[in-house]
Amino acid sequence: MKTKKLSSILWASLVCSVAFSLCQPSYAADAKMGADRHIAKGLNCQTCHGSDMKNPQFPEEATCVQCHNKEALAEKTKDLPGANPHKAPHNGDCINCHLQHEPAEDYCAQCHKFNFKVK
């Protein structure tokens with residue numbers, strides 16, 4: 001039974017990886033999405049979306065901070081002009097800027113003109 005479940009998980013991971021690599025959006029070919037960086041580091045879809053790929057979970061900040069230290073990110077971006085995007089008083093969700101499967105966007109620009117370059 002464990003082998004069958006493991007096979008299903010591995011198969012879902014493979015399908016997700018292949019589908020992701022074949023279904024790239026039509027923007028600049030050299031643009032790398034956050035999901036691409038995660039795959040390149042050996043992570044699979046289940047790392048962020050949970051084990052049930054038929055009903056993938058939408059990642060939240062709690063998902064991101066399991067691997068990414070928010071205090072370290074805030075320290076890294078402390079000298080950006082205008083504000084620190086990782087210490088903003090109303091910033092509570094990493095995926096507002098770091099979209100993973102789409103180009104990153106400067107979510108702050110909806111109201112502010114900090115001109116952050118988001119990866």
Among residues at least two apart in sequence or on other chains, which ones pass side chain to side chain contact (heavy atoms under 4.5 Å, CB included) with Gln66?
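Gln66 satisfies side chain to side chain contact (heavy atoms under 4.5 Å, CB included) with no residue once adjacent residues are dropped.
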
Going by the rule side chain to side chain contact (heavy atoms under 4.5 Å, CB included), which residues pair with Val118 if we only count those two or more places apart in sequence or in a different chain?
Cys97, His98, Ala104, Asp106, Phe116

Residue pair Gln100, Cys48: steps toward the side-chain contact (heavy atoms from CB on, under 4.5 Å) verdict:
CA-CA 10 Å; Gln100 302 308 303; Cys48 300; over 6 Å; no

Is any NZ, NE, NH1 or NH2 atom of the basic residue among Lys87 and Glu71 found under 4.0 Å from an Asp or Glu carboxylate oxygen of the other?
yes

Atom of [X], atom of [Y] and distance for their closest heavy-atom approach:
| X | Y | result |
| --- | --- | --- |
| Pro56 | Met53 | CD-O, 3.4 Å |
| Ala74 | Asn84 | O-ND2, 2.7 Å |
| Gly34 | His38 | O-ND1, 2.8 Å |
| Cys108 | Phe114 | CB-CD1, 4.3 Å |

Phe58: hydrophobic cluster co-members (side-chain, 4.5 Å)
Ile95

[atom1]-[atom2] distance between [X] and [Y], expressed to the nearest 0.5 angstrom:
| X | Y | atom1 | atom2 | answer |
| --- | --- | --- | --- | --- |
| Cys94 | Glu60 | SG | CD | 10.5 Å |
| Lys41 | Asp36 | NZ | CG | 12.5 Å |
| Thr77 | His86 | OG1 | NE2 | 5.0 Å |
| Cys64 | Asn69 | SG | CG | 13.0 Å |

Any chance the rings of His101 and His49 have centres within less than 6.0 Å?
yes

Can you tell me which residue among Asp93, Asn96, Leu99 is in a side chain to side chain contact (heavy atoms under 4.5 Å, CB included) with Tyr107?
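The single option meeting the side chain to side chain contact (heavy atoms under 4.5 Å, CB included) with Tyr107 is Asn96.
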
Lys119 vs Met33, side-chain contact (heavy atoms from CB on, under 4.5 Å): CA-CA, chis, key distance, verdict:
CA-CA 8 Å; Lys119 296 180 184 178; Met33 303 298 110; over 6 Å; no

